[in-house]
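These notes concern the structure reproduced below.
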There are 2 protein chains.
Amino acid sequence: MPGRPLNDYISVDCVIFGYNGQELQVLLVDRTLTNNSTGQPEFTDLTLTGNHIYEDETIEQAAYRVLFDLTGLKNVFLDQFKTFAHPDRLKKENDRRWLIHDGRDPDKRIVSIGYFALLATQNITLEWKGRNVKWVPVSEVGELAFDHNQILEEALIALRNKIKQEPIGFELLPEKFSLTQLQNIYEVILSTELDKRNFRKKIARMKYLIPTDEKQTGVAHKPARLYVFSREVYEKTKKELFDFTV
Amino acid sequence: MPGRPLNDYISVDCVIFGYNGQELQVLLVDRTLTNNSTGQPEFTDLTLTGNHIYEDETIEQAAYRVLFDLTGLKNVFLDQFKTFAHPDRLKKENDRRWLIHDGRDPDKRIVSIGYFALLATQNITLEWKGRNVKWVPVSEVGELAFDHNQILEEALIALRNKIKQEPIGFELLPEKFSLTQLQNIYEVILSTELDKRNFRKKIARMKYLIPTDEKQTGVAHKPARLYVFSREVYEKTKKELFDFTV
DNA sequence: TATAGTTAGTGTTGTTTTAACACTTAATTA
DNA sequence: TAATTAAGTGTTAAAACAACACTAACTATA
């Protein structure tokens, strides 16, 4: 039994990132209307996932609720990265597109609290209030509704900053993963190439990536050993880290 | 001519940090009421500085406006670090304290967009809508109104993270400063001691701290050479930096 | 004007991290 | 059983880090 929205003009928006083995993807809601007579789309309407905050929940709870409603998952990596409220948020292009969603006054702008999430995308079923939800590679995202292009841009910046500081890459992978998969995630997110041997030496120094006895199966080459992330070891070791930029 | 507030329940709150040569300080507004008959304070009421967002400005402009109204300064370091909206923000302690400010409905919570600012505190005059504004060492901050203790806590965390990544320490100092002053700022913010020689070697590697011909005057010891920060050099060199945590 | 007090400023060494680089191994498929 | 593919592994030179102690330059005061 959800409560009343706290305020019609405040919402959380979640930039949900996934990884398909090649590219970084983002989850978008497609509410494109199709013209009944011509069968052509009247206009495209792609958005991030978001919702209002209810009266009795924290912002963070609202963001987790959005994610749970969509994926059924509860333990998802989630990070509040920035809040947006540009004066002409709703006036973009001055067309009626932005009115269709829920009839909000287009002169009132919405304050949008941005979160980004990292999902391991294998075997989750997507369901979002009966709407059409789809993964889109970040490099192929076109024009989004509202200021969602800007929010996505900032989410990417926040993700890149975060992954430089904390080991969160594995959040995009299944529980057990190979080091090559992990390296790929860093390469894709940071748009760089990394040396395989140096990457693995760095991982060996960090103690929190634990090799298992398992190996990949069904691949037409030497199967990779699978690793798991140990949060306990990480929590211990991160306190030892200390460095700074003058 | 300021516009109407966008929304009564959204505000920016600025955690303004300063440095007095010894300690990290934060700027607080004291609206403590004094009981007319006894002369005793009826209760203390210390808050961060904040304001509503006007209709025609961005969140960031609102934050800069708060800072300008207070200090008369325009080029201040400012960073949006987190947004707060705990359901019982205004219900804390269940007393009438939180009602006095402007008569807002205490059942409606306020969404507060948190910024932190770094000020060089020498020779600025503080003026805040006729209110009593004062510097308080961060270590001596007691109970604040609303959830401002939590906001300050998070601002400190954000400041520590930021200063580990970007050279922002000098923002708390006059334009020309000594390396010992700068080192002290890092020690205070990061709660650590740094080796003088290693600190200076690190600075030498970064090229953007430029020695001037000037020296300290009026000190009863060998006068320190003064340095300036070069934004141009920094913008060039920062693109070269690349490192990450697995 | 000499001396005491105070902070500025400077180099070396051993250890750790980085960056660059190529071949062998183990599985599948043809 | 040969071809294909990605996994996995070690060395070296350069840079960064951490730990450590003395001399220089100014003021205050005796």
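As the structure is a computational prediction, the values presented were derived from the model and not from experiment. Throughout, a chain's letter reflects where its sequence line sits, starting with A, and its residues are numbered from 1.
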Readout for nucleotides 9-18 of chain D: B = base within 4.0 Å of protein heavy atom, S = sugar-phosphate only, - = neither; 5' to 3' it is BBB----SSB
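- When the options B/L179, B/L182, B/L173 are evaluated for a side-chain contact (heavy atoms from CB on, under 4.5 Å) with B/Y227, the one that passes is B/L179.
- In this structure, CD of A/Q216 is placed 16 Å from P of D/dT5, rounded to the nearest angstrom.
- Per the geometry, CD1 belonging to A/I203 stands 16 Å off C1' belonging to C/dT17, to the nearest Å.
- Between A/F81 and A/F116, the ring planes lie tilted relative to each other; the angle falls in the 30° to 60° range.
- Using a 3.5 Å distance cut-off with no hydrogens or angles, the side chains of B/K164 and B/N161 do not pair a donor with an acceptor.
- Checking the phosphate oxygens (OP1, OP2) of C/dA8, a side-chain nitrogen or oxygen of B/T180 falls inside 4.0 Å.
- A/Q183 places its CD atom 11 Å from the C1' atom of D/dA7, with the value rounded to the nearest Å.
- Annotation: side chain to side chain donor-acceptor pair (under 3.5 Å) contacts of A/E193 (sequence neighbours excluded): none.
- For A/L194 and C/dT18, the CG to C1' distance is 13 Å, given to the nearest whole Å.
- Distance A/F199 CZ to C/dA20 P: 16 Å, rounded to the nearest Å.
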Counting primed atoms, P, OP1 and OP2 as sugar-phosphate and everything else as base, the B/S/- map of nucleotides 24-30 of chain C against protein heavy atoms under 4.0 Å is -BBBS--
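- The line from CG of B/D79 to CD of B/E166 is 8.0 Å long, rounded to the nearest 0.5 Å.
- B/K202 forms a cation-pi arrangement with A/F244, by the criterion of a distance under 6.0 Å to the ring centre and an angle within 45° of the ring axis.
- Counting heavy atoms from C-beta outward, B/E171 and B/F17 have side chains that stay 4.5 Å or more apart.
- As rounded to whole Å, 13 Å separates atom P of D/dC20 from atom CD of B/E193.
- Taking 4.5 Å as the limit, some side-chain heavy atom of B/Y19 sits within range of a side-chain heavy atom of B/N184.
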